[in-house]
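Please read the structure below before turning to the comments.
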Amino acid sequence: MTPRPRPLVIVAAFAILVVTALPALPALPAPLSQGLRDTGTIRGRVEVRRPSTPPERRPNVADLGAHVTQSDVSDRLTSVVYFDSAPRTAASPVPGHAVLDQRDERFVPHVLAVTTGTVVDFPNSDRIYHNVFSLSKTRPFDLGRYAAGRSKAIKFDRPGIVRVFCDIHSHMNAFILVFNHSFFALTDAEGRYRIDNVPPGSYNLVAWNEGVSSGPQPVVVPDGGEAELDFALR
């Protein structure tokens with residue numbers, strides 16, 4: 001009498017047939033990270049070679065004999081370095097919230113750089129009235145007179161340069177630079193700037209100070225590396 005095959009042997013043979021009949025699996029794709037490129041940095045310095053004198057302040061009875069403070073002069077040395085155009089892969093900028101204070105009959109800061117859609121508050125931190133306005137085509141406005149402790153706000157939707165004044169105090173002025181990208185930076189007290197998270201590639205940068213700007217200057221950012229570009233404004 002022929003012995004019957006054991007069930008275990010039958011299952012093993014069937015498994016071998018199934019595995020042999022399956023088609024070869026395709027190779028797994030390379031990790032996505034291999035296709036990405038690391039962002040880089042641009043840094044440098046802006047040298048302002050022309051004298052920067054703040055407008056003469058009309059003295060009040062309370063401050064007769066006062067002199068221009070060092071901060072009045074240093075504020076006007078603040079420059080803005082920015083991309084002439086944003087990288088193609090750049091995402092739309094996220095609107096922010098900023099403050100341009102009125103303090104000691106000055107706008108603080110003297111230069112403000114924001115992205116489109118940003119709301120700027122104009123608080124009055126003085127003990128006197130102010131009237132903030134602008135005739136700039138980018139964003140004309142007139143906030144009217146308001147007293148100490150009050151604040152008004154304006155939203156900036158278009159890119160461009162907005163020059164701000166006080167209708168009561170002619171020596172008060174400031175600049176708001178509005179960009180439709182986030183690739184810009186303000187200089188520090190020593191004129192240095194730094195722009196991070198820059199996709200590798202070739203770009204044109206512009207330096208601006210008190211209404212004077214350089215021509216577009218080329219710079220190449222390596223993959224995950226650092227580029228350096230200095231400016232001199234006369």
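- Between Y193 and V80 there is no side-chain heavy-atom pair separated by less than 4.5 Å.
- Contact of the I161 side chain with the L177 side chain is registered, since non-hydrogen atoms from C-beta on lie closer than 4.5 Å.
- Rounded to the nearest 0.5 Å, atoms OG (S213) and CZ (F231) are 10.5 Å apart.
- Side chains of P140 and L135 form no contact here, defined as non-hydrogen atoms less than 4.5 Å apart.
- Taking CD1 of I42 as the reference point, atom CD of E228 lies at 11.5 Å (rounded to 0.5 Å).
- Counting heavy atoms from C-beta on, the side chains of R139 and I176 never come closer than 4.5 Å.
- For the residue pair T115 and V94, the shortest heavy atom distance occurs at OG1-O, 3.2 Å.
- Two different hydrophobic clusters hold V114 and L186 under the rule that ILVMFWY side chains link at heavy-atom gaps under 4.5 Å.
- For N124 (side chain) and A147 (main-chain N/O), a donor-acceptor pair under 3.5 Å exists by modelled atom type.
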Inset, instruction - For the pair R106 and D75, evaluate side-chain contact (heavy atoms from CB on, under 4.5 Å) and give the outcome as yes or no after the intermediate values. - result: CA-CA 10 Å; R106 295 168 49 234; D75 283 351; 2.5 Å; yes

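- Under the 4.5 Å side-chain criterion, counting only non-hydrogen atoms from C-beta, L233 is in contact with S214.
- Atom-to-atom distance recorded for N209:CG and R76:CZ is 10.5 Å, nearest 0.5 angstrom.
- In this structure, the side chain of D196 does not engage the main chain of T41 through any donor-acceptor pair within 3.5 Å.
- Linking Ile, Leu, Val, Met, Phe, Trp and Tyr residues whenever their side-chain heavy atoms come within less than 4.5 Å leaves F165 and V162 in two separate clusters.
- When all heavy atoms of N131 and G144 are compared, the closest pair comes out as OD1-N, 3.2 Å.
- Contact between G44 and D230 at its shortest, heavy atoms only, is CA-OD1, 3.4 Å.
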Legend entry - CA sep, side-chain torsions, deciding dist, call: E210, V48, side-chain contact (heavy atoms from CB on, under 4.5 Å): CA-CA 10 Å; E210 287 290 301; V48 181; over 6 Å; no

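- Residue F156 forms a side-chain contact (heavy atoms from CB on, under 4.5 Å) with just one option from V119, L112, V120, and that option is V120.
- A185 approaches R194 most closely through the heavy-atom pair CB-O, 3.4 Å.
- The minimum heavy-atom distance between P93 and S182, with the atom names listed, is CB-N, 4.5 Å.
- Heavy atoms of other residues, nucleotides or ligands lying less than 6.0 angstrom from OH of Y129 number 12 at most.
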Legend entry - Test side-chain contact (heavy atoms from CB on, under 4.5 Å) applied to T116 and D157, step by step: CA-CA 5 Å; T116 50; D157 287 324; 5.9 Å; no

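- A distance of 5.0 Å separates CZ in F107 from CD in Q102, rounded to the nearest 0.5 Å.
- When all heavy atoms are compared, the tightest approach of D126 to E105 is OD2-N, 2.9 Å.
- A search for ring pair (Phe, Tyr, Trp, His ring centres under 6.0 Å) contacts involving F175 returns H110, W208, not counting sequence neighbours.
- Atom CE of M172 and atom CG of D167 lie 11.5 Å apart (nearest 0.5 Å).
- Scored by the ring pair (Phe, Tyr, Trp, His ring centres under 6.0 Å) test, F179 finds Y82, H181, F184 as partners (sequence neighbours excluded).
- Checking side-chain atoms of D121 against main-chain N and O of S151 turns up no donor-acceptor pair under 3.5 Å.
- The structure places OG of S79 at 10.0 Å from CZ of R45, a figure rounded to the nearest 0.5 Å.
- Linking Ile, Leu, Val, Met, Phe, Trp and Tyr whenever their side-chain heavy atoms come within less than 4.5 Å leaves V206 and V198 in two separate clusters.
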Inset, instruction - Check step by step if side-chain contact (heavy atoms from CB on, under 4.5 Å) holds for H130 and H169. - result: CA-CA 8 Å; H130 285 298; H169 307 95; 3.2 Å; yes

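- One hydrophobic cluster, built from ILVMFWY side chains closer than 4.5 Å, cannot hold both V178 and V111; they sit in different ones.
- Remark: F83 pairs with F183, Y203 by the ring pair (Phe, Tyr, Trp, His ring centres under 6.0 Å) rule, at least two apart or across chains.
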